[in-house]
Engineer: 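Let me begin by handing over the structure; questions about it come next.
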Protein chains: 2
Amino acid sequence: MKLKEFAKQVGLSPTTVSRALSGYPEVSETTRARVVAEALRLGYRPDVNAVRLKTGRVGAIGVIMGRFGEFHFAEFMAGMAERLASEDTDILVIPMADRDLNEEMQTYRRLAESRRVDAIIVHSPKPNDPRIELLDRLGIPFFVHGRSDIAIPHAWLDIDNEGAIRRSTEHLLDLGHRRIAMINGRKGLTYSIHRDIGFRKAFEGRALEQDAQLIAHDTFTDELGFRHARFFLESSNPPTAFVAGSMMTALGVYRAVRSLGLAIGEDVSVIAHDDVFPYLTAENMAPSLSATRSSMRAAGARCADLTLQLLAGRSVSDIHELWPVELNLRESTRPVR
Amino acid sequence: MKLKEFAKQVGLSPTTVSRALSGYPEVSETTRARVVAEALRLGYRPDVNAVRLKTGRVGAIGVIMGRFGEFHFAEFMAGMAERLASEDTDILVIPMADRDLNEEMQTYRRLAESRRVDAIIVHSPKPNDPRIELLDRLGIPFFVHGRSDIAIPHAWLDIDNEGAIRRSTEHLLDLGHRRIAMINGRKGLTYSIHRDIGFRKAFEGRALEQDAQLIAHDTFTDELGFRHARFFLESSNPPTAFVAGSMMTALGVYRAVRSLGLAIGEDVSVIAHDDVFPYLTAENMAPSLSATRSSMRAAGARCADLTLQLLAGRSVSDIHELWPVELNLRESTRPVR
DNA sequence: CAAATAATTGAAAACGATTTCAAATATCCC
DNA sequence: GGGATATTTGAAATCGTTTTCAATTATTTG
């Protein structure tokens, strides 16, 4: 049913009907109520595409899906979905090969030119991320999940990665561990860098030497956690403790430790960062896993919320949120032997 | 830049330009080439919303994201993305609480009335899925990943769940196992039912008795795999082998077996179904995991492909694909002690 | 009670493309 | 070379809304 026909049925002009439904103040309360009721009864809904053409608003937020971190991505999106369910805003998934920067830029450009989304959410930025510069130049509103050191002002939400890893590491140092390995995220990403810094600062704060050989950078998967942990453990001077970048990494580390006949907690301590997956909880691992914790899903919801605020006109330089992380100590970290 | 202005710059009418860009045959090759080149140079792209309004085509496929199986969902979507990257088709994620059927139906109705998507992909259907009936009644083209026994004809792609589990189970029976537990998917879903059937048929084919107590139904997570496996293993008459519904479940089973001081392969055999996650491979588990295998990502790509064909006018009753699964035997399944 | 003001309603012009139908130009064939 | 046919081009209508501006009706006020 089209507006014209519906208006006729209600006995009003299209103008008034449109105004009544979009909540304009100049239509009387009684007519509005009537129109809304009739719309519900007759099942009239404005055609999204016509509305979009006319208003210029698309009603969609784009989120870039890379080849990596699909786990975290799904959780983040679930959070976004939670927040946007009540809004009339869609989530558009934009696949990105994440390999060819040139092609990636092309995708953004296309996106901008064809006006498919009102805003874009960018993940896992780099300190000087060319995507941010491009999006800024293209004039698409964008929101950064994470941070970038780039000179361009941008709205962002990030967790305190430096503090998280620093506290984790200090905890291990307090337990007497000195050879501590870290399996961090991919090299070059801001959060990996922040975590490296936190790691180093923990040592520096206690005037201890840190072996740079004991840091690995890679995607957060069970598989790679396993491989890196094995590699470290089989070296001539193996670590007595691990800082794992994610829950998946921790799973891999657990496997690696056990595959060498060692016991988690007793022989090797493990601490991780937990993004809170509904299907993989640190408490329930055996032995339970000490971890810093910050919900990825909550971050998704909040990012969606802030992006809406951004679109509503709130100033970019106003929108910065740094989330602290919880630290929960459990059985996987014990004094060094 | 708008069509009108761009056309002026090229020195042609909007009509011709539009035709040239959309590949109509009645425009000469030389002009088309010129127009395309200029469009690229000047960065002209038709406004999506205008095109959508005019043509009625939205250029988006909706995919329902439930509360469960986010893992599989991410892989599936990555596959879709792969296929749709070259097409001018977006992926719209539609969050669905998956709890209140009524609300769910409301969401579909809204979706239909507001023309946000050209088609919808439905996952994990039930034998008599009300969503299918509703989508059919609403007249939205839809594609089912999985199958339903419903009388309404629908396009679908499914894997041979029955055959997969049957073969897995037969393999365990061949090894002499008699008490075999299965940790299956959520109750009521078509694929869970098919798997139950495959499981039972394996026993029946060898005229053996199967203990219905040894089947659990739940979401595919590490956590729940662990819990169900523990429960079975701690019973008075524990199983000697497990059929795990997913890789996550298998991880949980591994943990459970080990937490009781037993060895995978030696004391307890495990076989699983592997949807192929890039970050969690059966070969690399320790010990390596026997598994049936079918790529979720490939399924996503193919579903996207078939949905496009559906939209292009291919008959619904023509589009049915049943994928066989591979079976790879590894170290986790051994003769019963 | 009339004039002035405020509150509602409507007619018609956008939004930016596609596409029908008609006109102009190029090509063919005897 | 001229009429017929095939190939290219363009003018204008259209998609279904929102919104500007003007017109109408209701309310206030001196």
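Numbers restart at 1 for each chain; the letters A, B, ... are given by sequence-line order, proteins then strands. Note: hydrogens, waters and symmetry copies are ignored here, and every other heavy atom, side chains too, is used. Keep in mind the model is a prediction, meaning the values are calculated, not measured.
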Engineer: B:Y44 OH to C:dG16 C1': how many Å, rounded?
Structural biologist: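 Taking atom C1' of C:dG16 as the reference, OH of B:Y44 is at 8 Å.
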
Engineer: Once rounded to the nearest 0.5 Å, what's the spacing between atom CG of A:D118 and atom OG1 of A:T89?
Structural biologist: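 Rounded to the nearest 0.5 Å, the CG-OG1 separation comes out at 7.0 Å.
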
Engineer: Can you tell me how the ring of A:H154 sits relative to the ring of A:F142, calling it parallel under 30°, perpendicular over 60° and tilted otherwise?
Structural biologist: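 Ring orientation, 0 to 90° scale: parallel.
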
Engineer: Nearest whole Å is fine: how far is C:dT18 P from B:K4 NZ?
Structural biologist: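 One finds 15 Å between P of C:dT18 and NZ of B:K4, rounded.
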
Engineer: With under 30° as parallel and over 60° as perpendicular, where do the rings of A:W156 and A:H320 fit, or are they tilted in between?
Structural biologist: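 If you compare the ring of A:W156 with that of A:H320, the planes turn out parallel.
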
Engineer: Any idea how B:H72 and B:F277 line up, ring-wise: parallel (<30°), tilted (30 to 60°), or perpendicular (>60°)?
Structural biologist: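 B:H72 vs B:F277 ring planes: perpendicular.
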
Engineer: Which part of the nucleic acid, if any, lies within contact of A:S18, taking any heavy atom under 4.0 Å across all strands shown: a base, the sugar-phosphate backbone alone, or nothing?
Structural biologist: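 Base, at least one base heavy atom under 4.0 Å.
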
Engineer: Measure distances between side-chain N and O atoms of B:T55 and base N and O atoms of C:dA17, and say whether any donor-acceptor pair falls under 3.5 Å.
Structural biologist: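 It does not, because no donor-acceptor pair links the side chain of B:T55 to the base of C:dA17 below 3.5 Å.
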
Engineer: Could you tell me the separation between the CG atom of A:D47 and the P atom of D:dT14, rounded to a whole number of Å?
Structural biologist: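 The distance from CG of A:D47 to P of D:dT14 comes to 18 Å, rounded to the nearest Å.
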
Engineer: Is there a donor and acceptor pair closer than 3.5 Å between the side chain of B:S13 and the base of D:dA11?
Structural biologist: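 No, no donor-acceptor pair under 3.5 Å.
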
Engineer: What's the CG-P distance between B:L3 and C:dA17, to the nearest Å?
Structural biologist: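 B:L3 atom CG is separated from C:dA17 atom P by 5 Å.
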
Engineer: Name the orientation class of the two ring planes belonging to B:F73 and B:H123 (parallel below 30°, tilted from 30 to 60°, perpendicular beyond 60°).
Structural biologist: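 Rings of B:F73 and B:H123: perpendicular, over 60°.
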
Engineer: Just how far, in rounded Å, is P of D:dT17 from NZ of B:K54?
Structural biologist: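 Going from NZ in B:K54 over to P in D:dT17 covers 14 Å.
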
Engineer: Could you give the CZ-to-C1' distance, from A:R32 to C:dT9, as a whole number of Å?
Structural biologist: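 It works out to 14 Å between those atoms.
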
Engineer: Reckon A:F6 touches a base, only the sugar-phosphate, or nothing at all at heavy-atom distances under 4.0 Å?
Structural biologist: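 Here A:F6 touches no strand at all.
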
Engineer: Specify the residue among B:E26 and B:P46 whose closest nucleotide of DNA chain C lies further upstream toward the 5′ end.
Structural biologist: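 Result: B:P46.
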
Engineer: Looking at the side chain of B:V51, which of C:dT18, D:dT9, D:dT19 is the nearest nucleotide?
Structural biologist: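 Of the candidates, C:dT18 comes closest.
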
Engineer: Measure the distance from NZ on A:K8 to P on C:dG10 and round it to the nearest whole Å.
Structural biologist: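 A:K8 atom NZ is separated from C:dG10 atom P by 13 Å.
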
Engineer: Would one find a side-chain N or O of B:T16 under 4.0 angstrom from OP1 or OP2 of D:dG10?
Structural biologist: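 It does, given that an N or O in the side chain of B:T16 lies less than 4.0 Å from OP1 or OP2 of D:dG10.
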
Engineer: A:R19 near the nucleic acid: base, sugar-phosphate alone, or nothing, with a heavy-atom cut-off under 4.0 Å?
Structural biologist: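 Result for A:R19 = base.
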
Engineer: Rounding to a whole Å, what distance do you find between B:Y24:OH and C:dC21:P?
Structural biologist: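 For the pair B:Y24 OH and C:dC21 P, the rounded distance is 14 Å.
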
